Peer 1: 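The structure that follows is given in the form of structure tokens.
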Amino acid sequence: EVQLLESGGGLVQPGGSLRLSCAASGFTFKKYAMSWVRQAPGKGLEWVSAVSVSGDSTYYADSVRGRFTISRDDSRNTLYLQLNSLRAADSAVYYCAKDQGYGDFTDWGQGTLVTVSS
Amino acid sequence: IQLTQSPSSLSASVGDRVTITCRASQGISTYLAWYQQKPGKAPKLLIYDASTLQSGVPSRFSGSGSGTDFTLTISSLQPEDFATYYCQHLNIYPRFTFGPGTKVDIK
């Protein structure tokens, strides 16, 4: 059974940083591209970032480019998202998702809540 | 590429046939997926490539369309289908835009 378990969320002040982690199990992690998707309270889904198989290529939404960094550690079966220069608008539940091939996300974690507030 | 969905919400009864539309601002072939999300839960992939049913998804769900106009149809709405539905643009170059969502609730 595929499992994705996010952690690292919490309350942070504007301008602060957080590192989110997503521990994967139940599938061969290194064979899949992975993404982060977020959802602000009461709002829709927003794709945030993706990393290719092997980690050679990374992609970002315009809203986070230059502030967030996605990475993966295939030896630990873990996906990361470094969030810097956080803004109130970044407050959301952050989900990691397994990419079936073209951005169709077959499996999702339960999400981790990031709240940016002073 | 922008995605719009209509309606933004609808009320329906168990057993109803429900159709949700997703429109892309430019042609996207069949690079479209549909998700279901229930409150407090992660989204669930229902359909990809516009019309391919994800494994394990009930056959009452179907998708159609290509180019700019797509539909998600629930042939006979069940109690567990009350949720919010999102379309998503798929692509080989990641800009995985989601539609704004359609909330289906009980009439």
Side-chain angles (χ1 to χ4, degrees), chain A residues 1-6 9 22 24 27 32-53 55-65 68 70 72 79 81 92-113, chain B residues 1-9 20 22 24 28-57 61 63 66 70 72 83-105:
Chain A
E1 178 192 6
V2 172
Q3 288 196 336
L4 298 169
L5 184 62
E6 301 96 336
C22 171
F27 66 103
Y32 290 88
M34 299 290 294
S35 276
W36 289 95
V37 177
R38 69 183 181 183
Q39 186 169 37
K43 302 298 184 182
L45 301 170
E46 180 188 16
W47 171 78
V48 172
S49 183
V51 61
S52 65
V53 172
D56 290 346
S57 297
T58 57
Y59 308 89
Y60 299 94
D62 292 343
S63 58
V64 307
R65 186 175 292 112
F68 290 9
I70 191 171
R72 63 189 298 158
L79 176 72
L81 187 68
V93 174
Y94 285 72
Y95 295 100
C96 67
K98 171 175 166 278
D99 187 339
Q100 181 165 253
Y102 289 91
D104 37 353
F105 303 130
T106 54
D107 299 275
W108 299 64
Q110 86 290 346
T112 188
L113 178 63
Chain B
I1 293 175
Q2 305 297 319
L3 298 178
T4 56
Q5 289 184 233
S6 60
S8 56
S9 66
I20 298 168
C22 178
I28 59 172
S29 184
T30 58
Y31 290 113
L32 193 95
W34 289 96
Y35 296 85
Q36 175 194 68
Q37 187 180 32
K38 297 180 181 180
K41 301 294 186 182
K44 174 186 176 182
L45 177 65
L46 300 176
I47 287 168
Y48 61 96
D49 289 347
S51 61
T52 303
L53 201 65
Q54 173 68 2
S55 176
V57 173
F61 291 93
S66 66
F70 303 86
L72 172 70
T84 299
Y85 293 84
Y86 295 92
C87 58
Q88 180 208 12
H89 177 212
L90 309 177
N91 207 323
I92 58 174
Y93 298 107
R95 294 296 294 267
F96 301 135
T97 308
F98 288 92
T102 295
K103 184 177 181 180
V104 177
D105 61 21

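Every chain is numbered from 1, with letters handed out A, B, ... down the list of sequences. Quantities reported herein were computed from a predicted structural model and do not represent experimental measurements.
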Peer 1: Restricting to non-hydrogen atoms, name the atom on B:Gln88 and the atom on A:Asp104 that form the minimum distance, rounded to 0.1 Å.
Peer 2: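 That closest heavy-atom pairing would be OE1-CA, 4.3 Å.
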Peer 1: What part of A:Val37 is in contact with chain B, defined as an atom under 4.5 angstrom from a non-hydrogen atom: side chain, backbone, both or neither?
Peer 2: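 Just the side chain, heavy atoms under 4.5 Å.
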Peer 1: Suppose a student defines contact as a heavy atom less than 4.5 Å from any heavy atom of chain A. Which residues in residues 50-57 of chain B would they list?
Peer 2: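 Within residues 50-57 of chain B, the residues that come under 4.5 Å of chain A (heavy atoms only) are B:Gln54.
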Peer 1: Take a 6.0 Å sphere around CZ of A:Phe68 and say whether it holds more than 12 heavy atoms from other residues, nucleotides or ligands.
Peer 2: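 Yes, enclosed.
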Peer 1: Who are the ring pair (Phe, Tyr, Trp, His ring centres under 6.0 Å) partners of A:Phe105, not counting sequence neighbours?
Peer 2: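 A:Phe105 satisfies ring pair (Phe, Tyr, Trp, His ring centres under 6.0 Å) with A:Trp108, B:Phe96 only.
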Peer 1: For the residue pair B:Tyr86 and A:Leu45, what are the closest heavy atoms and their distance?
Peer 2: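 For B:Tyr86 versus A:Leu45, the nearest heavy atoms are CD1-CD1, 3.7 Å.
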Peer 1: Measuring heavy-atom distances to chain B, does A:Ser35 have an atom under 4.5 Å in its side chain, in its backbone, in both, or in neither?
Peer 2: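 For A:Ser35, the side chain is the part near chain B, not the backbone.
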Peer 1: Report, in residue-number order, which members of residues 33-41 of chain B are under 4.5 Å from chain A by heavy-atom distance.
Peer 2: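 So far as heavy atoms go, B:Tyr35, B:Gln37, B:Lys41 are the residues that approach chain A to under 4.5 Å.
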Peer 1: Between A:Gln39, A:Lys43, A:Gln110, which has the largest tally of heavy atom pairs under 4.5 Å with chain B?
Peer 2: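 Counting heavy-atom pairs under 4.5 Å, the top option is A:Gln39.
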Peer 1: Just jot down the ring pair (Phe, Tyr, Trp, His ring centres under 6.0 Å) partners of B:Phe61, sequence neighbours excluded, or say none.
Peer 2: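 B:Phe61 satisfies ring pair (Phe, Tyr, Trp, His ring centres under 6.0 Å) with no other residue.
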Peer 1: Search all heavy atoms of A:Gly109 against all heavy atoms of B:Ala42 and return the closest pair with its distance.
Peer 2: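 Closest approach of A:Gly109 to B:Ala42, heavy atoms only: O-CB, 3.3 Å.
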Peer 1: Given that the side chain runs from C-beta out, which part of A:Asp99 has a heavy atom under 4.5 Å from chain B: side chain, backbone, both or neither?
Peer 2: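 Answer is side chain: those atoms of A:Asp99 sit under 4.5 Å from chain B.
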Peer 1: Counting heavy-atom pairs closer than 4.5 Å to chain A, which one of B:Pro100, B:Pro43, B:Gly99 comes out on top?
Peer 2: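 Heavy-atom pair counts peak at B:Pro43.
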